[in-house]
Each structure stands twice: as structure tokens, then as C-alpha cells.
Protein chains: 2
Amino acid sequence: MDEAAHLFVVQGFDGTSLRTIANTVGMKAGSLYYHFDSKNALLEAILNKGIAVMVEAFDQAQAQPHATAFDRFQSHVRAHLGALYENGPYTAAHVTTFRTAPPEVRDAIVPIRDSYEAKWTTLLHQLVEDGTLAADTPIGLARLILFGAMNTSIEWFDASQGTLDNLAQVISRQFLTGFGTGDTQ
Amino acid sequence: MDEAAHLFVVQGFDGTSLRTIANTVGMKAGSLYYHFDSKNALLEAILNKGIAVMVEAFDQAQAQPHATAFDRFQSHVRAHLGALYENGPYTAAHVTTFRTAPPEVRDAIVPIRDSYEAKWTTLLHQLVEDGTLAADTPIGLARLILFGAMNTSIEWFDASQGTLDNLAQVISRQFLTGFGTGDTQ
DNA sequence: AACCGTACCTAACGGCCGTTAGTTTGGCAA
DNA sequence: TTGCCAAACTAACGGCCGTTAGGTACGGTT
């Protein structure tokens, strides 16, 4: 699954054959069917694990003590980025292959996916309540914009050029205060 | 090309066969070779057109008069979103298929892609110089975060639930001032 | 009337695809 | 020692893939 998820990230689901996956782990294609019912089932398992990794990272961040509301928020951003880059290729595979996954697979994943998104919605609501986020923040849109910033880092983040801690800080700060000076508008 | 680009967005490049494309436009697969040398060449043409559409939208926004620096910025955001949703499926196809495109195709596209990114880099530099963006803004990172927010809207934007004008306004405002109140940090 | 180029079609090629049925291997348990 | 079961293997199936060679229809030009 590790190798399959990695290949899915690089080549896409349809661009990766079972023979390629099997060959990468020193097997033959048919042998994969001892472990998975089908290629779709393999993808489904990977997508699920991708969510599980994100959820675990989120819950760990939740459990930690934080000095300020901003620290708490930044810790969650860091956790999401950690799920993308530090805990196997599952979350990355989820983010990159979900949109074009076969409908049956997508439909099976959606409910679990929703539960992760709900955690973020709750978090953002709390930040509104304690005055960290503006009262008129469009929570749904805000979450999607934040996800966009975090997830598309897959296309350009290079660990040799910057740390995840730094990226988490930049994204968190940007999300709350923006890059502007406030001089206009 | 219209239909092919649309199918690439929905099913991915590898997930779309030439027979499917041909069938959609009332042709046979072999006939496509009168117009394109190969499937890769078709993709390359689509990706190029995707950039051309973005560039044209950018230049049109550039040519318009604007009351404030913020208006100018928002106008460019709106232009990019317009390229994604209002001028055919080419830009959307570019954004969604570029990462997993065959290396030869990607390599051929990169230089043209860079030219579009350079336009944004220049714009952001100007915003720093006129005091709209903070002097210590990490331009490169800022552009990628902005692109992330705009481009991943493909996964969730629904024209029946919100206008592009509104989305452009939310993204622009968020980019400059954030969603926070400024009470923490 | 003869010709030409454009735009398609037909039919097939070799090759890879996901999948399956049946078989082999090797370690552990009885 | 025998039996069992997990974990692989082999070999093939039908089917779809990108691609190609050669043919056909047809409007416009000479």
C-alpha cells in the first residue's frame, strides 16, 4: 500500500498499473488479489488511510496545550501538513486522486471525508466565538480556501528549501492577517 | 479540443481514451490523427491553450483602469477565476492534469507556464512597492498560496451557489487582510 | 472533366490492462 | 510426519489501449 499510494501520487490512479505496483514490491500482479479484491478496493483502502492519518494528526494537535488561540490554529495547520508529508503517502494520495477516482470509490469515501471536514468547521467556529476570527467569516468558504492553500503545496513544497514548521507559520499567519498592510481598503 | 479538455478535467488524462473523445464528437478514434500527431500532442495543445486563456485574461485585467491597488488586485483574481470557469475547459484542464502529465509534455509546457507566473510575480512586487502588500511578504510563497486558493476552487465551486465576482472578492480580501480580527498575535 | 486537398472512415496491429483459476511454496501445529 | 493455511506464483482470458496504413467521400480549383 505504501508503494501503491506513492505511485498514485506521482502517476495518478489510471496511470499506474497493477503490474507496476506489483513489480515495485517484488511481486506479480495476480498476487495482489490475495490482499485486495480489486484495484478499486486498493484505492479505497488507501484513500481511507489517508483520512485516518489526517484525523489522527488533527486529534493529536487538539490534545496539546496551547498558549493562544493562534497557537492552537497553527498547530492544526502544522498537523495537516504533517499528514501530507511526514506520515506516508496516504494523505497525499487522497488529496491528489480523490477528484478523479471512480464514482463508486468516491461515494464510499465521502462520508468519512466529511467527518474530517466537520472537525475543521468546528475548530473555525470556535475561533469565531473566541474572537480570533471575524464574526462575519464565511466559515465554509474559509475552510475551503485554507485547504486549498495547504493541499496544493503538494505541487511545489520542497523539504530541501523550507521546513514544514515555517510553511505552517506562513499559511497560518496569512490566513488570519493576510499579506497586506491595511493601507488600502 | 473543447470536449477533450472537458473529459480530461472530469476523468483525467489517463482515464480518457481517444475512442471516448472521438465518440463524444461523433468521430472515430483514428480520425483524430488527422488533427493531432498523438494523444500527448493533443494534451500539449490543450495545456498551451489553457495558459493562453489565462494570459489573455490577465492582460485584459491589466489594461483596465482601477481606482485603488486593491481593485487592481481583485480584478486580476477575477480574471484568473474567469479563465478557469468562463472561457472553456482549457485552463481547468491545465490546472488539473499538469502535475501527472507525461514528462515530455510537462517539460514542453513549463517555459510558457513560467511566463504566466512571472506576470503575477511582477504584480505582487508592484503591490509591495506601493505599500499594499507588507514589505516582508514572501512573494514566491504568497503567489503559490494564492494560486492554491484560486485553483482548488475547481473541486468545490458551484456556480448555482455563488458568483465568481463574490468568490473573487472573498479570496482577494482574504489574501490581503485575512479572516482574523487581529486580537491575537 | 480531371484533379486535388481536406476530412473523415475501416480494419487491423501489437501491447498492456484488470482479473481469474489453478498451482506451488514454506513455515507452523497437531 | 502429516496436515493446514497464508502468501505467493503461473498462465491465460477477454478487452481496451494508442497508433497506423490504406481507402473513401466530396467540395473547390484548374
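Residue numbers begin at 1 in each chain, while the letters A, B, ... track the order of the sequences. Remember, it's a predicted structure, so these values are computed and weren't measured experimentally. Both backbone and side-chain heavy atoms feed into the values below; hydrogens, waters and symmetry mates do not.
- Between the side chain of B/R99 and the main chain of A/V9, a donor-acceptor pair closer than 3.5 Å is present.
- Other residues, nucleotides and ligands contribute more than 12 heavy atoms inside 6.0 Å of the CD atom of A/Q64.
- Residues that satisfy the side-chain contact (heavy atoms from CB on, under 4.5 Å) test with B/D37, not counting sequence neighbours, are B/A41.
- Considering every non-hydrogen atom in both B/A61 and B/A79, the closest pair reads CB-CB, 4.0 Å.
- Side-chain contact of A/S38 with A/N40: a donor-acceptor pair under 3.5 Å is absent, judged by distance alone.
- Here A/D165 pairs with A/R78, A/T163 under the side-chain contact (heavy atoms from CB on, under 4.5 Å) rule; sequence neighbours left out.
- Atom pair A/L32:CG and D/dT10:P shows a separation of 14 Å (rounding to whole Å applied).
- Taking the six-membered ring where tryptophan is involved, the planes of B/F13 and B/F8 are perpendicular, since the angle between them exceeds 60° and thus also 30°.
- Sorted by residue number, the members of residues 33-41 of chain A with any non-hydrogen atom under 4.0 Å from DNA chain D read A/Y34, A/H35.
- Under the ring pair (Phe, Tyr, Trp, His ring centres under 6.0 Å) criterion, the residue pairs touching residues 121-155 of chain B are B/H80-B/F147, B/W120-B/F147, with sequence neighbours excluded.
- Taking 4.0 Å as the cutoff to heavy atoms of chain B, we find the contact window on DNA chain C bounded by C/dT6 to C/dA12.
- The minimum heavy-atom distance linking A/A134 with A/V128 is given by the pair O-CG2, 3.8 Å.
- Residues from residues 4-20 of chain A lying near DNA chain C, meaning a heavy-atom separation below 4.0 Å, are A/T16, A/S17, A/L18, A/R19 in numerical order.
- Contact record, A/L81 with A/M150: CD2-O, 4.0 Å, taken as the closest heavy-atom pair.
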